[in-house]
Amino acid sequence: MSNQPPLTIEKLSAGEESKFLIRSPKEIQLTLHAIAQKKSVTVLYFDNEQHFLKTIMLGANEQGIWLDVGPDEADNTALLNSDNIIFVTMHHGVKVQFTCHQAVVAIYASHPAFYFPLPAQMIRLQRRDFFRLPTSGDAPLRCLIAPTTEESAKPDEVTIMDISVGGIALICQEKNVNLIAGEIYPDCRIDLPETGTLIVDIQVKNLFEITSPSSAIIKHAGCEFIQLDSKMGILLQRYIGMMQRKQSALG
């Protein structure tokens, strides 16, 4: 096991959780079926969240879900002996989280699998607090992250997928800095065309990996701005407003 899983558990208050809760069995089944179709990475936390297993959802129907077994027999056995297993995965770029109980060994498409009954509810963390502005594929924004080690002589340049007054989504290539969920990266610089330079501290809130058509591993990082001051906030709002007007003019 690595020390840091690619998808972390979201800790929500009862009030926050109610905003994202799904209880419809049909919607839950359709969401999990779509995740299985995409072969999305799923992380299972077990043994009181002390351990995790990274796997793939294989299938889902009205009764339950099937997941690939892990490569380590000790991990598989520990998971089978655990209760309150927390699942964290992604659906269309949105984090999905739910809890299942006792796993059983099953066969799916002639291969060993874990089987769980369909969860009674799930959390779909699609936060819409801020308008997210997608960046241009022709001239995307870049986030310059200050060196994280003494060996690094210059900032790392990471492509921004979208930006809002709340944070940014980053697309990290293998050459980029190894971002860690929960870590804060200070004094990041983002040049906003025709507006100015944004200087912010960011905290990585979630990470997940996808495989490109060329088989390259690309990591997506959802990052939140930490205590964005009023000057930087006004600068960012001005840029987002300008880009919205340009997009509206283009139809």
_Residue pairs passing the side chain to side chain donor-acceptor pair (under 3.5 Å) test where at least one lies in residues 99-120, sequence neighbours excluded_ =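 Output for this query lists D83-H101, N84-H101.
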Are any side-chain N or O atoms of [X] and backbone N or O atoms of [Y], one a donor and one an acceptor, separated by less than 3.5 Å?
{"X": "D229", "Y": "M232", "result": "yes"}
{"X": "T135", "Y": "I160", "result": "yes"}
{"X": "K38", "Y": "H33", "result": "no"}

Looking at [atom1] of [X] and [atom2] of [Y], how far apart are the two atoms once the value is rounded to the nearest 0.5 Å?
{"X": "D191", "Y": "C143", "atom1": "CG", "atom2": "SG", "result": "10.5 Å"}
{"X": "L32", "Y": "E27", "atom1": "CG", "atom2": "CD", "result": "10.5 Å"}
{"X": "L141", "Y": "M161", "atom1": "CG", "atom2": "CE", "result": "12.5 Å"}
{"X": "L235", "Y": "I199", "atom1": "CG", "atom2": "CD1", "result": "9.5 Å"}
{"X": "S164", "Y": "E224", "atom1": "OG", "atom2": "CD", "result": "9.5 Å"}
{"X": "S24", "Y": "Q121", "atom1": "OG", "atom2": "CD", "result": "12.5 Å"}

*With C188, the side-chain contact (heavy atoms from CB on, under 4.5 Å) member among L144, I145, L170, D201*: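 Running side-chain contact (heavy atoms from CB on, under 4.5 Å) over L144, I145, L170, D201 with C188 returns exactly one hit, I145.
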*Please determine which of L80, D68, I85 meets the side-chain contact (heavy atoms from CB on, under 4.5 Å) test together with F114.*
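Among L80, D68, I85, the one meeting side-chain contact (heavy atoms from CB on, under 4.5 Å) with F114 is L80.
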Answer with yes or no whether the hydrophobic clustering places [X] together with [Y]; edges join I, L, V, M, F, W, Y residues whose side-chain heavy atoms lie under 4.5 Å apart.
{"X": "L198", "Y": "I184", "answer": "no"}
{"X": "V104", "Y": "L44", "answer": "no"}
{"X": "W66", "Y": "V43", "answer": "no"}
{"X": "V105", "Y": "L79", "answer": "yes"}

Looking only at non-hydrogen atoms, find the nearest pair between [X] and [Y] and report the distance.
{"X": "L118", "Y": "P25", "result": "CD2-O, 3.9 Å"}
{"X": "L58", "Y": "L67", "result": "CD1-C, 3.7 Å"}
{"X": "A78", "Y": "S82", "result": "O-OG, 2.7 Å"}
{"X": "A221", "Y": "C172", "result": "CB-SG, 4.4 Å"}
{"X": "P117", "Y": "C100", "result": "O-SG, 3.8 Å"}
{"X": "V88", "Y": "Y45", "result": "CG2-CE1, 3.8 Å"}

*Quick one: does L21's side chain get under 4.5 Å of I123's, heavy atoms only?*
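Yes; the side chains approach each other to less than 4.5 Å.
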*So, do V41 and T89 sit near enough that their side-chain heavy atoms are less than 4.5 Å apart?*
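V41 vs T89: side chains apart.
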*Go through L236 and I163 one step at a time and tell me if the side chain to side chain contact (heavy atoms under 4.5 Å, CB included) criterion holds.*
CA-CA 9 Å; L236 181 53; I163 188 167; 3.6 Å; yes
*Between R238 and E194, is there a salt bridge with N-O shorter than 4.0 Å?*
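Here E194 does not pair with R238 in a salt bridge, since their nearest N and O are not under 4.0 Å apart.
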*asked:* Tell me whether E157 is salt-bridged to R189, with the criterion being a basic N under 4.0 Å from an acidic carboxylate O.
replied: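 No salt bridge links E157 with R189.
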*Check the pair Q29, T31 against side chain to side chain contact (heavy atoms under 4.5 Å, CB included), reporting the backbone distance first and the verdict last.*
CA-CA 5 Å; Q29 188 263 321; T31 299; over 6 Å; no
*Using 30° and 60° as the class limits, which term best fits the ring planes of F87 and F116: parallel, tilted or perpendicular?*
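Taking F116 first and then F87, their aromatic rings stand perpendicular (interplane angle over 60°).
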*Give a yes-or-no answer on whether the side chains of T159 and R142 include a donor-acceptor pair shorter than 3.5 Å.*
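Yes, side-chain donor-acceptor contact under 3.5 Å.
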*Could you walk me through whether F52 and I86 pass side chain to side chain contact (heavy atoms under 4.5 Å, CB included), step by step?*
CA-CA 9 Å; F52 68 89; I86 300 175; over 6 Å; no
*Evaluate the criterion side chain to side chain contact (heavy atoms under 4.5 Å, CB included) for residue pair F225 and I202; output intermediate values, then yes/no.*
CA-CA 5 Å; F225 295 140; I202 62 172; 3.8 Å; yes
*Tell me, yes or no, whether the heavy-atom count around K231 atom NZ, taken from other residues, nucleotides or ligands under 6.0 Å, exceeds 12.*
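12 or below, so no.
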*asked:* A quick test of your reading: do over 12 heavy atoms of other residues, nucleotides or ligands sit less than 6.0 Å from CD of Q227?
replied: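 No, CD of Q227 has 12 or fewer neighbouring heavy atoms, counting only those of other groups under 6.0 Å.
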